[in-house]
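Residues take their numbers from the sequence shown, with the count starting at 1.
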Amino acid sequence: MDLKLLFMSTLFGIICCSSAQQEGNECIKANALSCGECIQVGAKCGWCTDTEFLKQGEPTSARCDELESLMKRGCDAARIENPHGSQRILKNKAVTNRKKGAEKLRPEDITQIQPQKLSLNLRSGEPQNIKLRFKRAEDYPIDLYYLMDLSYSMKDDLENVKNLGTSLMKEMSKITSDFRIGFGSFVEKTVMPYISTTPAKLLNPCTVDQNCTSPFSYKNVLKLTSNGHQFNSLVGKQQISGNLDSPEGGFDAIMQVAVCGEHIGWRNVTRLLVFSTDAGFHFAGDGKLGGIVLPNDGRCHLENNMYTMSHYYDYPSIAHLVQKLSENNIQTIFAVTEEFQPVYKELKNLIPKSAVGTLSANSSNVINLIVDAYNSLSSEVILENSKLPEGVTITYQSHCKNGVVNEGESGRKCSNISIGDEVSFNINITAQGCPKQDKPESIKIKPLGFTEEVEILLNFICECDCHKQGIKNSDMCHNGNGTFECGACRCNKGRVGRQCECRKDEVSTEDLDKNCRKDNGTDICSNNGECVCGTCECKKRDNPEERYSGKFCECDNFNCDRSNNKLCGGHGRCECRVCICDANYTGSACDCSLDTSTCLASNKQICNGRGNCECGTCRCTDPKFQGPTCEICPTCPGVCTEHKECVQCRAFGTGEKKDTCERDCSYFNLIKVKDRDKLPQPVQAFPLMHCKERDANDCWFYYTYAVNNTEKEVHVVETLECPAGPDIIPIVAGVVTGIVLIGLALLLIWKLLMIIHDRREFAKFEKEKMNAKWDTVCPKKKKKKEFKTGSRNLLFEPVLEFLFLVFPKFQDCFIRSVVFLFTSAAF
């Protein structure tokens, strides 16, 4: 299992290393033939200008490599071309710290973003970081244009808007002292089927009893003005019109408001467009219903403040509107009724810096709606950039209030910004390669809804500094067939070779190929290169450290002998497949050290006097000794005792060294086994000692000690063998039972003896009594009979008494019957 894991980890490491090398050699893969081509590959690439840098067989592109690799190959750092990008601030006006009530400033004198103009020199693959500051200025001017739907359904709304001018001026004065307001209206395209084109309906599209104005597409009623009374006066003169379908032509009106800046009177300040309606909208493609197929051109077509091309151009698309609103820094507020809230909220998601408010049925809440929407829009800053040149990328990171940091798309914006708050943005701009036009480019970054912007000029580093000192038609490039620059020839068109010595049409001729075959063999350039102009140009390896070389690419620096998986043992360099060893090393793989200091034992003898020092390693001549200096003897007496305490503390956490185990006993590898059968057995490869030791608790533990290739290994049985303790309960029960039984036996014996003694005495008494009686009646016969009777009683009665004592339950029913029979028989 351990070998499998080791193999897998080694294989994984090789793959990772190979992958890392392949990812890091983009400089070599590019095959750059000039310094300019090299530095465009990536920021890691450099070009060696040393004329003697290339070895025989190496192509010109070998000059382009990573900086560290070039220096390892012998190129002096001063000879490496590696230009870096830079930046310069051209305009850096500080943000305005203006307070309400202070001296009034012109809009163009107010600055909210810093710096305003920069110049960047971009090196391919090297990002340039710039920091922008944004601060909302207090008392910043506002232009508000009120665009209203005047179809018949908005009749009651018009009455409330007629006094909007002075009321809104009064409310907005709390936000800014420089406020202007304008008014425009829209209905629908003046063609069928959007309106009725009958003469009567063109004059009055409403019913007979209603006095309505003729239908129109869009009308600019009032240019932006600071006169609120003029707003009330002109809006008060407006009349409702009418159309046939429910969606309105509001997109035509929004487009004209956005692009007709001079007619509307927009200033370079905060621009707000309030779009008020109670219906949906037509968009691109709907014009086909009226026979209008030309796409909207996004230009101003106002004559006498009326949109004159509604019958000619289709409605604009949403994307077209987004573009124009963004270009003109207009923030849109959709004031719509509750019924159409979902539609316009979806539209809001498509139009940056826009808001949606719910308009009451008669527009009575329009002032509060505008103020709330303005506060919502102005509390968020979103950066956008113009179209980027080819190969240029940009990333944003925002540093907002309360330490909030955003990245990615969220890095473009900060929210909940109050007046006077300052936020910053870190912007990284990176170029990959150089543009095809090979000329400077520019991009602009601006906060949406604001007229201020940051202009960034982009200059691309496409050539090295040494390019300027190039010698055209140099003699060093084969009779002037190229420009000698940056240490190499840049061949003229149609020429190839390191010194531009060949024409392209003669590169592969058979005569030239002969010069690329070693010893008249069949392999061209030893199959390790290409024959160019009769000269071998060796292949390049994925690993930049590995190279082919030689006149016929017959040499390389990676196919030498290895030791410990290292080329030339890590103690030499590989040249033409032969190891050139460092000092004090020898051998085909430089793996034999001539230094004997590693063989000195603790007694200052080489190999402890029991071996020879070969290549810095002891070869022990005494088989009992081993180790790096032949000082270890695993089978010598005392080995088990010497290591007992350490094995005990490492394996079982006990013993005298348990408190200092980690410090004193880490000199061997401990391997636990389940039982004694699993312990390793002695082999010829290395000596091994079997040990059996006892701890303080009289428990035995078994282990083996061996030294394997300078590593000390201990295999120990993981369980202790301890003597089993006595089972107390059976012992106590046995003792008690034995005492009871012995007591009963002694008691019975005593009782039996007493009975026998009593019976004998009684029998003796009876005998004497009978003898006395016999002597008086018939001495001889009675004496014989009495003897028998006395003998029987003496034999049977004690036995019967014993049976009565042992079997008391059968005394009445059985024993007495037997006694009676025996007694009768006896008499």
Side-chain angles (χ1 to χ4, degrees), residues 14 17-19 21-22 24-34 37-38 48 51-66 69-70 72-75 477-478 481-482 487-491 494-563 565-569 572-581 587-590:
I14 293 172
C17 180
S18 176
S19 176
Q21 290 173 346
Q22 289 182 5
N25 63 11
E26 58 180 359
C27 310
I28 290 182
K29 286 184 176 180
N31 287 320
L33 298 178
S34 67
E37 292 180 11
C38 179
C48 184
T51 55
E52 305 297 327
F53 173 69
L54 295 179
K55 296 181 179 179
Q56 190 175 26
E58 289 185 329
T60 302
S61 59
R63 293 180 178 274
C64 182
D65 204 343
E66 294 182 358
S69 179
L70 287 175
K72 284 183 178 180
R73 292 167 56 191
C75 187
C477 300
H478 196 267
N481 288 321
C489 285
R490 177 182 281 188
C491 298
R495 304 294 297 189
V496 292
R498 187 186 289 187
Q499 279 81 38
C500 310
E501 62 271 28
C502 289
R503 296 194 308 270
K504 283 187 176 181
D505 56 2
E506 63 182 13
V507 168
S508 300
T509 61
E510 184 65 27
D511 292 337
L512 293 175
D513 286 348
K514 290 181 180 179
N515 298 326
C516 298
R517 293 188 177 97
K518 184 180 180 181
D519 299 331
N520 293 323
T522 58
D523 294 336
I524 295 178
C525 299
S526 305
N527 289 329
N528 295 323
E530 295 180 357
C531 187
V532 179
C533 299
T535 303
C536 285
E537 288 194 1
C538 303
K539 296 177 182 177
K540 286 182 285 187
R541 305 269 297 176
D542 287 337
N543 186 347
E545 302 295 331
E546 299 177 353
R547 296 181 298 277
Y548 291 108
S549 60
K551 181 179 179 181
F552 303 100
C553 301
E554 74 278 12
C555 297
D556 62 60
N557 66 342
F558 54 87
N559 273 323
C560 291
D561 291 341
R562 295 175 179 265
S563 177
N565 203 29
K566 293 182 179 180
L567 191 67
C568 296
R573 65 185 185 278
C574 181
E575 291 186 3
C576 203
R577 303 184 181 182
V578 176
C579 284
I580 307 299
C581 299
S588 62
C590 301

Rounded to the nearest 0.5 Å, what separates atom [atom1] in [X] from atom [atom2] in [Y]?
X      : Y      : atom1 : atom2 : value
Glu26  : Asp65  : CD    : CG    : 11.0 Å
Asn31  : Ser61  : CG    : OG    : 4.5 Å
Arg547 : Asp556 : CZ    : CG    : 10.5 Å
Cys38  : Ile28  : SG    : CD1   : 10.0 Å
Cys568 : Asn557 : SG    : CG    : 9.5 Å
Leu33  : Cys489 : CG    : SG    : 12.0 Å

List the atom of Ala32, the atom of Glu37, and the distance in Å for their closest heavy-atom pair.
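Closest approach of Ala32 to Glu37, heavy atoms only: CA-OE1, 3.7 Å.
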
What pair of heavy atoms forms the shortest contact from Glu537 to Pro59, and how long is it?
OE1-CB, 3.8 Å

SG-SG distance [X] to [Y] under 2.5 Å:
X      : Y      : value
Cys27  : Cys64  : no
Cys581 : Cys590 : yes
Cys536 : Cys525 : yes
Cys500 : Cys491 : yes

Test side-chain contact (heavy atoms from CB on, under 4.5 Å) applied to Lys551 - qualifying residues, sequence neighbours left out
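Gln56.
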
Could you pull out all residues at least two apart from Tyr548 that satisfy ring pair (Phe, Tyr, Trp, His ring centres under 6.0 Å)?
Phe558

For the pair Cys574 and Cys579, evaluate disulfide (SG to SG under 2.5 Å) and give the outcome as yes or no after the intermediate values.
CA-CA 5 Å; Cys574 181; Cys579 284; 5.6 Å; no

Any sub-3.5 Å donor-acceptor pair from Arg63's side-chain atoms to Gly487's backbone N or O?
yes

Close side-chain approach of Cys538 and Asn528, heavy atoms under 4.5 Å
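No, their side chains stay 4.5 Å or more apart.
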
